Each structure stands twice: as structure tokens, then as C-alpha cells.
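For reference, the structure is listed below as C-alpha cells.
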There are 2 protein chains.
Amino acid sequence: MTRAADTRPGQAATKPLGFVTHDHEQCVDTALAAAQAHCEAEGLRFTPVRRAALEILLREHRAMGAYELLDRLHEAGFGAQPPVAYRALDFLLANGFVHKIERLNAFVACAHPGADHSPAFLICSKCDAVAEAESPRTRGTLGDAARAAGFRIERTVVEALGVCPACAERSGA
Amino acid sequence: MTRAADTRPGQAATKPLGFVTHDHEQCVDTALAAAQAHCEAEGLRFTPVRRAALEILLREHRAMGAYELLDRLHEAGFGAQPPVAYRALDFLLANGFVHKIERLNAFVACAHPGADHSPAFLICSKCDAVAEAESPRTRGTLGDAARAAGFRIERTVVEALGVCPACAERSGA
DNA sequence: ACAGGAAACGTTATATCATGACAAGAGCAG
DNA sequence: CTGCTCTTGTCATGATATAACGTTTCCTGT
């Protein structure tokens, strides 16, 4: 509810992040700064535990379970009980800084900081690696069916299961 | 947009199942018969507990948690422990007779018995009702991105969250 | 018919994921 | 400073899912 609408198809999304290497330090810093700016603009409290949670997810750059995140937060001096992690995640999810991978019951930092988008994920069934891509607007066919049924779509989860390049090479070669 | 489960001719052929009424007795029987035929053709064992699990999901015609299904199976004389339900569900999932709704951690009988398809679901955030639609082939845009990354897609989960007609009317009116 | 093997079933126990409820502290408007 | 709201931390519990193992069932080869 706190995000402005900025729906636009076809941004630079032909290369899903996640299966490539990149300047990670910078990508973490950029995302943290963007989150902080967003919170200041919206009057949200980017508290230490929230910031720490986001930083951990950004640094790991992979889907992480809530309890694993909780361990890291606890190591960093925060509380040790599940609600500590889940509440931070709730905040980050609500503001689009992280996404939940339903298939894995895990969470991943958003790869497109700042952009309001409809994410799609590529999930490797062998190693659970996750890459985020821009969602193809499912508004087309599915949207038609939904309208015909009187169903109002608010959000669409798209998760493609398959084999990532690394695992394909490992088993194929 | 093809539908097989609602076999009544001339009615609501463009609506995704789930938000419409229909001849349920017949739809259950048809689906059970189709499943049985499929198993016989494939040399699979359509055992009593598997059949019972499918029948329960078909009759309920809604997304059901594994433990709720387990209760029903137990009432029907089967074992009372979680693996009883999860193993039946594994079989039914593997053969396309039921689908898992990741978002709800729940299971629903397939609405297109016999058809090899890529389902998409409309999930009401207010009442958890679920309707199954044919998936718009997300192969297009997402498939391109996947290929570019060297990712081989095997299956795609599509779950649209929103408000069903009944809940929209209830809150809107 | 029957022995051997694979698959399925039921059980106990445990692992994993998530939330309810409540008290104490932090930040802000009046 | 006071009252209010939001946030944090805690304990406790609920909800979802799987591991491991012995027994039964079914199929197959003889």
C-alpha cells in the first residue's frame, strides 16, 4: 500500500540476475541506500534489525529460510525468537525489498531495487538457486479469464522450476 | 480456456472453475473414472487410500490442507499419521490428479482431468477460494529470459492473488 | 503354487515453517 | 512531560512436512 504504481512492461529484463557474477559490494550498498531513501520518503522506520535483515539477504544473494536469517540476526546481536525474523521479513516484503519464494518457503532480496515490478523466479530443482526475472505480463490470457469470472487480480506469483546452468553442466557433462 | 470438468453443455464455458455451481456428483464421478482409467493404462496402482483422497478433494472442490485431508481419510478408516495423507498426495500430484497451491500450502483436485496442462490459479485473499484456469503460456517472455540465462524450465507455477466475485460483492455492496 | 522383490501402508518420532499474546522500550505529537 | 503508536523481545503454541522402520500387498519369474 505504500508504493507508488509504476507499471511498465519490458525493462532491461532479458538477463535474469542470479546466475551471473557481478560487483556484489556495490549491489549491496546500492540496494541498502535505495531502501533507506524509500523509507525516508515514505516516513517508514528503517530500523537496525530491518536493515540488518535486508543486508544479510543482499549479501547472501540467495533464497534463505526465515530460521537461517534468524540465526544470522541473532549472531549480530538481535533477538533469538522467530518473530524477530518474521517481523523484519514482513516489513521488507510489504515494501518490496525482498520477495518470498513460495515454493521454497524462503526469502530473497529483490534484484531490482526501487522499481515497482511483478517478479518471476527461476528456481533450480537440484540446488535451489533462485534468479529473479521480470514477469511477463500474465494480464493477457489469465487476466481475461479472471475478468470473465469476476475475479480481480492484485498480484501474481510466477515461479518456474527447472535446472540452472551450473547443475545442467554438472549432470550433463 | 477449455474445460472438461463441468460437462454441462452451453453453460459458462468461458469461466474458470471454482466460482460457479455445477453438477458436482457427475464431475466427481467423471474425474474418478478418468483417474482410474489413466492408472490402468499406465500400470499404476489406484489404491483405496489414493482413490479416497482424490474423492475427498473432488467432493470438497476447494483447496484443502494435508492435515484436514488426513482427518477425512482417518474418518474413512485409513491411518491417522501425516505420511498417510502426504503419500497419497504425492501420488496424486505426480500424476496430475491434484495440484498444490503453494501460496496456501494446500491441495486441490485438478479441474481438467486427463488433460496435460499447465495450470494457473486464481486465489481469493479474503476467503481462500481457488479457481483453476489454463495457464497462459509464460514460455514467451519468461522462457526467453530463461534461455538467455541457460536455465531449462520444466514447470511453471502461476498463482494470481486477488478478490473473488463473492468477496468483492460482500465488501463492495 | 510359491519364492523373491518392489511398492505401498501404517506407525513413531522428529524436523521445519509460522503465528498468538504480552510486557517493555523508542519515537513523536500534543 | 504525557499519552499514543509502533517496534522489539520473549515464551508458548500451532501448522506443515519428512525420516526411518517393520509389515503387508501385489506382481513376476519359476
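Keep in mind that the numbers below use all heavy atoms, side chains included, and drop hydrogens, waters and symmetry copies. If you're wondering where the values come from, they're calculated on a predicted model, not measured in any experiment. Letters A, B, ... are given to chains in the order of the sequence lines, protein chains preceding strands, and every chain is numbered from 1.
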Distance check needed: [N] [atom2] versus [X] [atom1], whole Å only.
{"X": "Leu73(B)", "N": "dC9(C)", "atom1": "CG", "atom2": "C1'", "value": "12 Å"}
{"X": "Asn95(B)", "N": "dA7(C)", "atom1": "CG", "atom2": "P", "value": "14 Å"}
{"X": "Leu92(A)", "N": "dT7(D)", "atom1": "CG", "atom2": "P", "value": "12 Å"}
{"X": "Arg50(A)", "N": "dG27(C)", "atom1": "CZ", "atom2": "P", "value": "13 Å"}
{"X": "Phe46(A)", "N": "dT8(D)", "atom1": "CZ", "atom2": "C1'", "value": "16 Å"}
{"X": "Phe78(B)", "N": "dA8(C)", "atom1": "CZ", "atom2": "P", "value": "15 Å"}
{"X": "Leu44(A)", "N": "dC28(C)", "atom1": "CG", "atom2": "C1'", "value": "15 Å"}

Check whether any side-chain N or O of Thr47(A) sits under 4.0 Å from OP1 or OP2 of dA26(C), and answer yes or no. no
Summarise how protein sits on nucleotides 14-30 of chain D as a single string, 5' to 3': B when a protein heavy atom is under 4.0 Å from the base, S for sugar-phosphate-only contact, - for no contact. --BBBB------S----
Check step by step if side chain to side chain contact (heavy atoms under 4.5 Å, CB included) holds for Leu142(B) and Leu122(A). CA-CA 9 Å; Leu142(B) 185 56; Leu122(A) 305 177; 4.0 Å; yes
Separation between CE of Met64(A) and CD1 of Ile101(A), rounded to the nearest 0.5 Å: 14.0 Å
Kindly indicate whether the side chain of Leu92(B), heavy atoms from C-beta on, has any atom under 4.5 Å from the side chain of Phe107(B). no
Hey, does the side chain of Glu159(B) reach the backbone of Arg103(B) with a donor-acceptor pair shorter than 3.5 angstrom? yes
Kindly determine whether Asp90(B) and Arg87(B) satisfy salt bridge (charged side-chain N to carboxylate O under 4.0 Å, His left out), including the steps that lead there. CA-CA 5 Å; Asp90(B) 283 347; Arg87(B) 281 195 292 234; over 6 Å; no
May I ask you to check whether His99(A) and His117(A) show a side-chain donor-acceptor distance below 3.5 Å? yes
